[in-house]
Amino acid sequence: MSIKVLVVDDSALIREVLTRMLMRDGDIDVVATATDPIDAREKIKQLNPDVVTLDIEMPNMNGLQFLDRLMRLRPTPVVMVSTLTKKGASETLLALELGAVDFVAKPSAEAEGGIDAFGANLRDKIRAAAKSDVRGRSAGRAEAPRIAVKTAAAPAGALIAIGASTGGVEAIRAVLADMPVDCPPIVIAQHMPPGFTNRFAARLDEICGLKVVEAEDRMPLLVGHAYVARGDYHLRVERSSGQLKARLTQDEPESGHRPSVDVLFESVARTVGPLAVGAILTGMGRDGARGLKMMRDAGAYTVGQSQASALVYGMPRVAFEEGAVVEQAPVEAIAARLANALVRLKSAA
């Protein structure tokens, strides 16, 4: 059965282009378009689409205001279609906090692959959104009890590695917000395009006790700090002069992604081995499962986000099925699981 989509944008040209792109493969059906949120509200009631694409800047009601109301009154998977500007990036991250499943950045003239790559990416995001558990998340995940974490003190040279995709912005925020400031360095690969990862790191830095930055090449990895992989760059961990450092490269995409979770986790397995702990969070596909299995085989503690708490139980499912995780846990408990594993390492040292 095809995925029913409502396209909401005030530009007639954008509505036409998105409709043509979405319907190209035959498994997505644009059942209607809407010019603004008021028009969209009526069409959502009439047509009950599986997924809505939403612009932010629109007449009559801002897209963020509409999204907030939609998630409270009629939770529906939403994919934002965003402009690649600093303001657009900030608004997009706010949209994800309000409940949007994912976003795509409108293509620029110099974008690699151009309009075809944008269309393929958009279709993939729509397919992932159609499988997401937006209603389950709205029905009470936010009220799930959090587990207090007092310490994550670990031996020198320990490291935390986290990977995520669709839904990961909120899942990573939940984990980092609960991590104590004595935790070892945290390296993060979140599937996100260039121009957004810097703002994502800045937003995490605003709301977490840890210092969160976008990783730079050869940056030393410090206790109490978290490092977000830059969009369109792989992030690896290496040991240089006895210190863990970040390495950024633009090697070919792995598992269809750059940054790739597999690339990060594999480097952690080789460089840090049993002093590492790792978590694979919500996302579509299988990126990260191979690398997390390497981490576990190297003696690392590994955890996967549970199906009930994952917006998209794709990457964690594959990791679980392939024996890459020691255990699964709800997102509210993952920081505590990682911290406890680190404290055990400290005790055994």
Side-chain angles (χ1 to χ4, degrees), residues 93 96-97 99 133 137 141-154 158-192 197 200-215 221 223-229 235 237 259 261 264-265 268 276-283 287-288 291-292 295 300-316 319-320 324-343 345:
L93 290 170
L96 296 173
E97 291 179 21
D133 186 22
R137 180 171 68 173
R141 292 298 323 162
E143 287 75 38
R146 312 202 76 81
I147 298 174
V149 186
K150 294 180 180 177
T151 181
L159 186 81
I160 301 169
I162 298 173
S165 185
T166 311
V169 166
E170 278 300 279
I172 290 168
R173 182 195 59 77
V175 175
L176 262 56
D178 287 346
M179 289 302 298
V181 294
D182 66 353
C183 71
I186 303 174
V187 285
I188 300 164
Q190 160 72 43
H191 296 160
M192 191 176 279
T197 45
F200 176 44
R203 177 62 180 149
L204 289 171
D205 187 57
E206 290 169 10
I207 58 182
C208 299
L210 307 170
K211 178 65 180 174
V212 187
V213 298
E214 184 182 55
L221 302 179
V223 168
H225 289 57
Y227 304 85
V228 176
L235 172 62
V237 174
V261 183
L264 176 61
F265 284 175
V268 172
V277 298
I280 191 161
L281 307 178
T282 172
D287 186 27
L292 198 67
M295 285 182 61
Y301 166 82
T302 57
V303 62
Q305 188 173 351
S306 63
Q307 181 171 4
S309 79
L311 184 64
V312 180
Y313 185 60
M315 287 161 50
F320 174 71
V325 301
V326 174
E327 62 178 325
Q328 297 189 95
V331 71
E332 300 84 9
I334 286 177
R337 296 288 205 283
L338 297 174
N340 290 341
L342 291 163
V343 171
L345 280 176

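Positions are given from 1 along the sequence.
- Between the CG atom of L96 and the CZ atom of F200 there is a distance of 9.0 Å, given to the nearest 0.5 Å.
- For the residue pair Q305 and T282, no side-chain donor N or O sits within less than 3.5 Å of a side-chain acceptor on the partner.
- Note: L176 CG to I160 CD1 = 8.5 Å, rounded to the nearest 0.5 Å.
- Remark: D178 pairs with R146, A335 by the side-chain contact (heavy atoms from CB on, under 4.5 Å) rule, at least two apart or across chains.
- Under the side-chain contact (heavy atoms from CB on, under 4.5 Å) test applied with P184, the options L159, L342, L345, V277 reduce to a single match, L342.
- Annotation: side chain of V326 is not in contact with side chain of V303 (no heavy-atom distance under 4.5 Å).
- Distance check: D182 CG to K150 NZ gives 13.0 Å after rounding to the nearest 0.5 Å.
- Atoms NE2 and CG, from H191 and D287 in turn, are 3.5 Å apart once rounded to the nearest 0.5 Å.
- In this structure, CG on L338 lies 9.5 Å from SG on C183, to the nearest 0.5 angstrom.
- In this structure, the separation between CG on L93 and CZ on R173 is 12.0 Å, given to the nearest 0.5 Å.
- Residues I186 and Y227 have side chains not in contact (no heavy-atom distance under 4.5 Å, counting atoms from C-beta outward).
- Between the side chain of N340 and the main chain of A336, a donor-acceptor pair closer than 3.5 Å is present.
- Here E97 pairs with R203 under the side chain to side chain donor-acceptor pair (under 3.5 Å) rule; sequence neighbours left out.
- In this structure, the side chains of V331 and S309 come closer than 4.5 Å at one or more pairs of heavy atoms.
- Looking only at side-chain heavy atoms (C-beta outward), M315 and L281 stay at 4.5 Å or farther from each other.
- Open room surrounds CZ on F320; 12 or fewer heavy atoms of other groups in view lie less than 6.0 Å from it.
- In this structure A319 satisfies the side-chain contact (heavy atoms from CB on, under 4.5 Å) test together with I280, A289, L292, A324, V325, sequence neighbours excluded.
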